[in-house]
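All of these numbers come straight from a predicted model, not from anything done at the bench. Letters A, B, ... are given to chains in the order of the sequence lines, protein chains preceding strands, and every chain is numbered from 1.
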2 protein chains.
Amino acid sequence: MGQISTRFSMAVHTLSLIAFSPNECTGDFIAGSVNTNPVVIRRMMGMLKKAGLVDVRPGVGGASLLKDPSEITLLDVYRAVNVTEENQLFRIHENPNIACPVGRNIEQVLQAELRDAQSAMEQRLAQTTLDQLIHKFQ
Amino acid sequence: MGQISTRFSMAVHTLSLIAFSPNECTGDFIAGSVNTNPVVIRRMMGMLKKAGLVDVRPGVGGASLLKDPSEITLLDVYRAVNVTEENQLFRIHENPNIACPVGRNIEQVLQAELRDAQSAMEQRLAQTTLDQLIHKFQ
DNA sequence: CACCGTTGTAACCATTATAGTTATAACCAT
DNA sequence: ATGGTTATAACTATAATGGTTACAACGGTG
């Protein structure tokens, strides 16, 4: 099927929490709201940290956003936690038969189409900011 | 990672082949062009058949398109071979803590966003027809 | 009718990603 | 030093993928 993992939705949840209550967001607290294991949260937070979205305080505990919520888009989060080779959403079968006119060209032709389709999705993700989201949690 | 499987690109390859040379497209021939096992092709062809895109002839061998190539879009192919529950590209973590304002609303808020993002991708896939593709294989 | 290439499936396997879990080391304010 | 926290390794169960072998069913041809 190749669905996009819940790590993405958990990351959005987590960043919303941090923006919402910046003082109490330990891994255990977040895990309690997301309803998963704290290690799952910490692993995902490591990706957000590597992407420069959050700062996590070892020892003392807690995390804070490194950007204003209006500057963090869903695409930023998606790219942070959804690391695939070459950032490709679609995979293409490898080594088709180059003796066949279809096999010879399929990769290049499809790649252009799929890049555009992925791009359309990402542009939509880029239009929504964390700030817009948290306003819907009243 | 949750990338979309190569079954999709193999299906596009297969349909292009059938449109290209409608007379010699047995499972083995297609498998030779895609460079995979014939059973993988037959499994995927079963999905295309179920979706009403192709007709396969048991015994005699070969397959043919049930629609004009100008009437088959990449979205049709994507939907045929990429069957996920509820046709959802994105998964969302389940049972968040409803005692938390974020946990209580995250699913509904995210679902709307992700549905739109998925829709943007699908609309781009719907813009490309098989006919357009095979013209690029000259 | 018998043959033979083909399709349709079931069954099995190796690989990979995910999500959860336990355990342990490192961190740091008190 | 203590205690709560983060960081990370290691292990597990589950699931999807892609490949493979095997075999039954199909259907034209000799």
Side-chain angles (χ1 to χ4, degrees), chain A residues 1-11 13-14 17-18 22-32 34-50 54-64 78 81-85 88-96, chain B residues 1-11 13-14 17-18 22-32 34-51 53-64 78 81-85 88-96:
Chain A
M1 303 203 207
Q3 284 175 291
I4 288 159
S5 97
T6 58
R7 197 165 52 226
F8 176 42
S9 69
M10 290 193 290
H13 187 147
T14 295
L17 266 186
I18 298 175
N23 295 321
E24 43 186 345
C25 282
T26 66
D28 280 35
F29 175 81
I30 296 169
V34 171
N35 189 26
T36 185
N37 190 289
V39 177
V40 174
I41 297 296
R42 290 204 286 265
R43 263 197 303 238
M44 174 268 291
M45 295 272 280
M47 296 181 175
L48 297 180
K49 198 172 70 168
K50 188 177 294 184
V54 300
D55 178 47
V56 187
R57 293 175 290 274
V60 51
S64 52
Y78 174 77
V81 300
N82 222 281
V83 281
T84 69
E85 52 171 341
Q88 302 265 349
L89 174 61
F90 295 90
R91 290 182 58 206
I92 298 184
H93 58 288
E94 294 176 345
N95 304 316
Chain B
M1 302 206 213
Q3 284 175 292
I4 287 160
S5 99
T6 59
R7 197 164 54 226
F8 176 41
S9 69
M10 290 192 290
H13 186 147
T14 295
L17 266 186
I18 298 174
N23 295 322
E24 42 185 346
C25 282
T26 67
D28 280 35
F29 175 81
I30 297 170
V34 171
N35 189 26
T36 183
N37 191 289
V39 177
V40 174
I41 296 297
R42 290 203 287 264
R43 265 198 302 238
M44 175 267 292
M45 296 273 279
M47 295 181 176
L48 297 180
K49 199 173 68 169
K50 188 177 294 184
L53 295 181
V54 300
D55 178 47
V56 186
R57 294 175 288 273
V60 52
S64 52
Y78 174 77
V81 300
N82 222 281
V83 281
T84 69
E85 52 172 342
Q88 302 265 349
L89 174 61
F90 295 90
R91 291 181 59 205
I92 299 184
H93 58 288
E94 294 177 345
N95 303 316

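Listed by chain and residue number, B:Phe8 satisfy the ring pair (Phe, Tyr, Trp, His ring centres under 6.0 Å) test with A:Phe90 (two or more places apart in sequence, or in another chain).
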Could you list the donor-acceptor pairs under 3.5 angstrom formed between side-chain atoms of residues 36-44 of chain A and any protein atom two or more places apart in sequence or on another chain?
from    : atom 1 : to      : atom 2 : distance (Å)
A:Asn37 : OD1    : A:Val39 : N      : 2.9

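One atom, CZ of B:Arg91, and another, C1' of C:dA19, lie 9 Å apart when rounded to the nearest Å. For the pair A:His93 NE2 and D:dG19 P, the computed distance is 10 Å after rounding to whole Å. Rounding to whole angstrom units, CE of residue B:Met47 and C1' of D:dG18 are separated by 12 Å. For the pair B:Glu94 CD and C:dG20 P, the computed distance is 10 Å after rounding to whole Å. Whole-Å rounding puts the A:Glu85 CD to C:dA17 P distance at 9 Å. Computed from coordinates, the A:Gln3 CD to C:dT16 C1' distance equals 17 Å when rounded to whole Å. Counting to the nearest Å, the C1' atom of C:dT16 and the CD1 atom of B:Ile4 are 17 Å from each other. One can place CE of A:Met44 at 14 Å from C1' of C:dG20, the figure rounded to the nearest angstrom.
A pairwise comparison of heavy atoms in B:Ser64 and B:Arg57 identifies OG-NH1, 3.4 Å as the closest pair. In plain terms, the two heavy atoms of A:His93 and B:His13 that are nearest each other are NE2-ND1, 3.0 Å.
The CZ atom of B:Arg7 lies 12.0 Å from the OG1 atom of B:Thr14; values are rounded to the nearest 0.5 Å.
The shortest side-chain heavy-atom distance between B:Leu89 and B:Ile4 falls under the 4.5 Å cut-off. Annotation: side chain of B:Ile30 is in contact with side chain of B:Met45 (closest heavy-atom distance under 4.5 Å).
Remark on DNA chain D: of its neighbouring residues B:Asn37 and B:Val81, the 5'-side contact belongs to B:Val81, judged by nearest-heavy-atom nucleotide.
Remark: B:Ser5 is not in phosphate contact with D:dA16, judged by side-chain N or O atoms under 4.0 Å from OP1 or OP2. The phosphate of D:dG18 has neither OP1 nor OP2 within less than 4.0 Å of any side-chain N or O from B:Thr36.
With a 3.5 Å ceiling on both atom-pair distances, the Watson-Crick or G-U wobble partner of D:dA22 is C:dT9.
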Original post:
What string of B, S and - do you get for nucleotides 4-9 of chain C, 5' to 3', when a contact is any protein heavy atom under 4.0 Å?
Top reply: -BBBBB
